[in-house]
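Input: a single structure, listed below in structure tokens.
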Amino acid sequence: MADSGFRVLGLSTSPRKGGNTDLMLDSALEGAREAGANVEKIHTPGLDINPCRACNACFKTGQCVQQDDMQKLYPKLLSYDGIILAAPIFSRGLAAQAKIMIDRLNCVWARKSILHEQAVSEDIREKRRGLWLSAAGSPRPDIFEPAVPTIRYFFAMLEIKDWDSITFSNVDEKGAIKGVDGALERCRGAGADLLAGS
Ligand SMILES: Cc1cc2nc3c(=O)[nH]c(=O)nc-3n(C[C@H](O)[C@H](O)[C@H](O)COP(=O)(O)O)c2cc1C
């Protein structure tokens with residue numbers, strides 16, 4: 001497939017490399033690549049990302065004062081066409097490794113809501129797409145619900161109105177997702193769908 005110029009960022013946030021959400025992400029990125037996207041995968045637990053300090057310095061500048069690896073992620077999060085967040089359920093909510101990064105988008109919130117500046121350039125805003133991939137050990141189908149408002153907030157901060165999710169409950173052991181009929185194929189299709197209409 002020819003290069004479409006569509007860039008997809010895949011964020012693997014589980015500490016378990018080769019785990020369920022990591023495998024889901026690999027399939028989604030494969031689908032996106034096959035559809036013509038340039039893809040980049042980042043394993044965020046391998047980065048130096050500190051929690052938000054609530055210093056509120058960003059309320060004046062729109063920038064985070066912490067000089068850690070979030071500074072490399074901000075431009076990608078705000079400019080790539082597709083953002084895939086692979087984040088499992090830990091302790092009945094979104095894994096802390098994903099949440100720590102989302103909290104650091106407070107400077108993006110400040111840029112938009114306090115400083116009334118654009119965080120994402122106008123020309124790419126409409127074509128941006130998101131995807132949340134998750135897995136949980138519990139068989140309860142409602143296990144993902146507590147995480148949904150945070151995911152909604154994450155995509156709203158990134159000006160992504162059009163986002164989808166693929167979640168699998170009852171998937172616990174490392175790699176168990178491979179035994180779930182059609183699961184990785186669905187992720188692959190969702191990755192390709194990020195480019196639909198682009
Ligand atoms: C610290 C921790 C807390 C967890 N808490 C929950 C939980 O509250 N509910 C649940 O259904 N599964 C829970 N799990 C299980 C994971 O959601 C499950 O193993 C999932 O497949 C992990 O995805 P991963 O392989 O991408 O890390 C927890 C796992 C860990 C390591």
Side-chain angles (χ1 to χ4, degrees), residues 7-35 37 39-53 68-70 72-73 76-77 80 82-105 129-158 160 163-194:
R7 289 183 302 169
V8 174
L9 177 65
L11 299 163
S12 181
T13 67
S14 168
R16 196 155 68 165
K17 271 190 177 173
N20 298 314
T21 53
D22 196 41
L23 292 171
M24 291 169 77
L25 178 60
D26 286 345
S27 294
L29 289 175
E30 206 175 299
R33 193 186 298 111
E34 284 165 0
V39 306
E40 181 177 350
K41 178 182 174 182
I42 297 178
H43 184 241
T44 66
L47 299 181
D48 173 31
I49 301 179
N50 297 309
C52 174
R53 290 185 196 152
D68 61 8
D69 286 339
M70 268 312 283
K72 290 185 217 156
L73 279 189
K76 296 178 194 281
L77 285 165
Y80 279 39
I83 305 286
I84 309 177
L85 179 70
I89 297 297
F90 286 178
S91 310
R92 299 279 172 101
L94 202 64
Q97 288 84 352
K99 182 65 163 49
I100 209 171
M101 180 187 70
I102 295 172
D103 287 354
R104 291 288 299 283
L105 295 180
R129 306 268 182 281
L131 179 62
W132 174 42
L133 304 172
S134 193
S138 162
R140 296 176 51 148
D142 64 353
I143 189 73
F144 300 97
E145 282 176 17
V148 171
T150 307
I151 296 295
R152 200 176 289 135
Y153 177 83
F154 171 69
F155 286 123
M157 283 308 100
L158 300 182
I160 295 176
W163 62 274
D164 205 353
S165 62
I166 299 183
T167 58
F168 290 99
S169 55
N170 208 12
V171 171
D172 205 6
E173 293 304 314
K174 184 175 179 179
I177 195 74
K178 288 191 261 188
V180 178
D181 228 16
L184 295 180
E185 211 38 57
R186 251 186 85 191
C187 295
R188 194 187 179 120
D193 286 349
L194 290 173

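Given the structure is predicted, the values throughout are model-derived calculations rather than measurements. For ligands, and for the atoms within them, numbers begin at 1 and follow the listed sequence.
The one candidate from Leu77, Leu47, Ile100 that meets the side chain to side chain contact (heavy atoms under 4.5 Å, CB included) condition with Met70 is Leu77.
For ligand 1 and Arg16, the ligand atoms under 4.0 Å from any heavy atom of the residue are 19 (O), 21 (O), 22 (C), 24 (P), 25 (O), 27 (O). Listed by number with element, the atoms of ligand 1 under 4.0 angstrom from any heavy atom of Gly137 are 10 (C), 11 (O), 12 (N), 15 (C), 16 (C), 17 (O), 18 (C). Within the listing of ligand 1, atoms 25 (O) sit less than 4.0 angstrom from a heavy atom of Gly19.
Nearest non-hydrogen protein atom to atom 5 (N) of ligand 1 is Ser91 N, 2.8 Å. Nearest non-hydrogen protein atom to atom 20 (C) of ligand 1 is Val171 O, 3.5 Å. Closest protein heavy atom to atom 26 (O) of ligand 1: Thr21 OG1, 2.5 Å. Closest to atom 23 (O) of ligand 1, if we only count protein heavy atoms, is Pro88 CB, 3.4 Å. Summary of contacts: the protein heavy atom closest to atom 11 (O) of ligand 1 is Ser138 N, 2.7 Å. Annotation: atom 15 (C) of ligand 1 to nearest protein heavy atom, Asp172 OD1, 3.3 Å. Nearest to atom 28 (C) of ligand 1 among the protein's heavy atoms is Ile89 O, 3.6 Å. The protein non-hydrogen atom at the shortest distance from atom 27 (O) of ligand 1 is Ser14 OG, 2.6 Å.
A side-chain donor-acceptor contact under 3.5 Å links Ser12 and Asp22.
For the atom pair CG of Leu158 and CG of Leu85, the computed distance is 9.5 Å after rounding to the nearest 0.5 Å. Here CE of Met24 is found 6.0 Å from CD1 of Ile166. Values are rounded to the nearest 0.5 Å.
At least one donor-acceptor pair under 3.5 Å links the side chain of Ser134 to the backbone N or O of Ala87. For Asp172 (side chain) and Ser138 (main-chain N/O), no donor-acceptor pair under 3.5 Å exists by modelled atom type.
Considering backbone and side-chain atoms alike, Glu173 places every N or O at 3.5 Å or more from each N or O of ligand 1.
Ligand 1 is approached by Arg92 to a heavy-atom distance shorter than 4.0 Å.
The pair Asp193-Arg129 does not count as a salt bridge, with every side-chain nitrogen at least 4.0 angstrom from each carboxylate oxygen.
Under 4.0 angstrom from ligand 1, the non-hydrogen atoms of Ala135 come from both its backbone and its side chain.
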